[in-house]
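See below for the structure under consideration.
Values in this document were obtained by computation on a predicted structure and should not be read as measured data. Throughout, protein chains are lettered first and strands after them, A, B, ... in sequence-line order, and every chain is numbered starting at 1.
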Number of protein chains: 2
Amino acid sequence: MTEMGRRERKKAATRQALADAALRLFADRGYDEVGVREIADAADVSVTTLFKHFPDGKEALVFDQDVDREAALVAAVRERPAGQSVPEALHRMFQGEHSRRVHADPRFDDFLRLIDTTPALREYARRMWLRHEHALAAAIAEDAGLPDDDPGCRALAHFALEAPVLVRGTGDPDAALDRIFDLLANGWTGERVG
Amino acid sequence: MTEMGRRERKKAATRQALADAALRLFADRGYDEVGVREIADAADVSVTTLFKHFPDGKEALVFDQDVDREAALVAAVRERPAGQSVPEALHRMFQGEHSRRVHADPRFDDFLRLIDTTPALREYARRMWLRHEHALAAAIAEDAGLPDDDPGCRALAHFALEAPVLVRGTGDPDAALDRIFDLLANGWTGERVG
DNA sequence: TTAAAAAGCGTAACAGCTCAACTTTCTGAG
DNA sequence: CTCAGAAAGTTGAGCTGTTACGCTTTTTAA
């Protein structure tokens, strides 16, 4: 099952070559300074082929991984320890994720810098990330015994997913994350936390 | 001061002609089925002129109004009655806004349908709307005696502004709005409201 | 009166993306 | 083993949004 024939191996190789070439060129000269024609050339394929592999367009070339995040989100809600609230569970999941990932792969640094400096990529990343909203909302709703499309659950899922996006670029991301989840857990107090 | 010379009057007229032509064509045949060249033709203007009037591109042709919303937001926070919380104030402001606007202008209906059916326009509308985040966050921060860029205030501003976007497309927008602001005011309870 | 500012024009081009028609390569069922 | 067909790839043309360039015309203001 898991082993793939020559065909799929070649396909994966081409895809990888495209993603690698793109990331290298982007990191070198900036996202907007590199055209898709050039990327296709660098990977020695035609432009049409490039778009067969990445139908979502130029931006998708940068996001080659990003699997199983949805499962992790749902699991964080479903399998949280007893007595822990849903916001707490998500808060914990997001804490320190950044530094953990940077530590795992050195290239991940270029990747983040690239995204942070390119508005189009920031937007795209956000959209990809928010795709999990529905699944997360459903998990929360099931947990709370509410209908699948309950607006409150959808809102909590949405806001929680936006938290990591919001804290990026602030002076102290960890503190900012704490403030946001405090808001989601306890509501707006209007008073300084002390 | 308020009276403008022939020059500015003509400019405004051209701009209006473009916006009108665009809205009509879009409503007729759908956003993606109408090209910018055709719109320019319909307004009897060259394509370059069109882009001089709407430098933000095709999407901007649809959003011709939308002034003073920012001032209204800030005022809602600053001039709210004593004893009313910030979330309450914003909640009140958003309540019934939809029906009020539809009542004011019959064409507003087409406008909304168009936006709801076109992903590119939805995205653009959201971005325009969220531009006020900074101003709103500053107003909230000032009110609470916190620094301008306090993450909690920014988060509240962001979430509040997203509320109207989130409730669109739900079965009962008014109820959904209530739920969202209940979350922002009191935090996540995990229990049915009853 | 006149010079600069601003609106507009047409052409040409670029970038992202798609389409159509065709070739090559692999797969799998008979 | 073979052969039909699916899937990857190619080429090339073309569409759409958008911008740059160089030019003419109108309006303004000194």
(request) Report yes if at least one side-chain N or O of A:Lys10 is closer than 4.0 Å to OP1 or OP2 of C:dC26; otherwise report no. (result)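 Answer is yes, contact under 4.0 Å.
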Nearest whole angstrom, please: distance from the [atom2] of [N] to the [atom1] of [X].
{"X": "B:Leu18", "N": "D:dG17", "atom1": "CG", "atom2": "C1'", "answer": "15 Å"}
{"X": "A:Asp41", "N": "D:dT10", "atom1": "CG", "atom2": "P", "answer": "11 Å"}
{"X": "A:Leu61", "N": "C:dG16", "atom1": "CG", "atom2": "P", "answer": "10 Å"}
{"X": "B:Glu38", "N": "D:dT18", "atom1": "CD", "atom2": "P", "answer": "16 Å"}
{"X": "B:Glu8", "N": "C:dA7", "atom1": "CD", "atom2": "P", "answer": "8 Å"}
{"X": "A:Phe26", "N": "C:dA15", "atom1": "CZ", "atom2": "P", "answer": "13 Å"}
{"X": "A:Lys11", "N": "D:dA6", "atom1": "NZ", "atom2": "P", "answer": "15 Å"}
{"X": "B:Tyr124", "N": "D:dG17", "atom1": "OH", "atom2": "C1'", "answer": "14 Å"}

Which listed nucleotide ([options]) is nearest to the side chain of [X]?
{"X": "B:Val36", "options": "D:dG9, C:dC9, D:dG17", "value": "D:dG17"}
{"X": "B:Arg37", "options": "C:dA7, D:dT18, D:dG14", "value": "D:dT18"}
{"X": "A:Glu59", "options": "D:dT10, C:dC17, C:dC9", "value": "C:dC17"}
{"X": "A:Lys58", "options": "C:dA7, C:dG16, D:dT18", "value": "C:dG16"}

(request) Kindly determine whether A:Asp110 and A:Arg113 satisfy salt bridge (charged side-chain N to carboxylate O under 4.0 Å, His left out), including the steps that lead there. (result) CA-CA 5 Å; A:Asp110 293 352; A:Arg113 195 181 354 272; 3.5 Å; yes
(message) Quick check for you: to the nearest 0.5 Å, what is the distance between A:Leu90 atom CG and B:Trp188 atom CH2?
(response)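 The CH2 atom of B:Trp188 is 10.5 Å from CG of A:Leu90, to the nearest 0.5 Å.
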(request) Could you tell me whether A:Glu88 and A:Arg80 make a salt bridge, using a distance below 4.0 angstrom between a side-chain N and a carboxylate O? (result)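 A salt bridge is absent here (no side-chain N lies under 4.0 Å from a carboxylate O).
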(message) Applying a 3.5 angstrom cut-off to the pairing atoms, does DNA chain C sit in any stems of at least three consecutive Watson-Crick or G-U pairs? List them by first number.
(response)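 DNA chain C forms these stems: C:1-30 with D:1-30.
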(message) Give the residues of residues 47-55 of chain B touching DNA chain D, defined as any heavy atom closer than 4.0 Å, sorted by residue number.
(response)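 Correct list: B:Val47, B:Thr48, B:Phe51.
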(request) Report which part of the nucleic acid A:Asp32 touches: base, sugar-phosphate, or nothing (heavy-atom distance under 4.0 Å, all strands). (result)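 Since no nucleic acid heavy atom lies under 4.0 Å of A:Asp32, the category is nothing.
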(request) Would you name the heavy atoms of A:Ala185 and A:Pro87 that are closest together and state the gap between them? (result)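 Where A:Ala185 meets A:Pro87 most closely, the heavy atoms are CB-CB, 4.2 Å.
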(message) Would the base of D:dT27 count as contacting B:Arg9 through its side chain, where contact means a donor and an acceptor less than 3.5 Å apart?
(response)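 Under the 3.5 Å cut-off, the side chain and the base do not form any donor-acceptor pair.
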(message) Taking the side chain as everything from C-beta on, heavy atoms only, tell me whether B:Leu18 gets closer than 4.5 Å to B:Leu61.
(response)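 Heavy-atom side-chain distance check passes, below 4.5 Å.
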(message) Check whether A:Tyr31 forms a cation-pi arrangement with A:Lys58 (NZ or CZ under 6.0 Å from the six-membered ring centre, at most 45° off the ring normal).
(response)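 Yes - A:Lys58 lies over the ring of A:Tyr31, closer than 6.0 Å to its centre and within 45° of its axis.
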(message) Assess, by modelled atom type and distance only, whether the side chains of A:Asp178 and A:His91 contain a donor and an acceptor separated by less than 3.5 Å.
(response)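 There is such a pair (donor and acceptor under 3.5 Å, judged by atom type) between the side chains of A:Asp178 and A:His91.
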(request) Would you please test A:Arg168 and A:Glu162 for salt bridge (charged side-chain N to carboxylate O under 4.0 Å, His left out) and show each step? (result) CA-CA 10 Å; A:Arg168 207 174 288 172; A:Glu162 286 228 319; over 6 Å; no
(request) Please work out whether the ring planes of B:Phe111 and B:Phe108 are parallel, tilted or perpendicular, with thresholds of 30° and 60°. (result)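 Judged by the thresholds at 30° and 60°, the geometry between B:Phe111 and B:Phe108 is tilted.
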(message) So does A:Ile115 get a backbone contact from the side chain of A:Arg122, meaning a donor-acceptor N/O pair under 3.5 Å?
(response)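 The answer is no, because no donor-acceptor pair under 3.5 Å joins these two groups.
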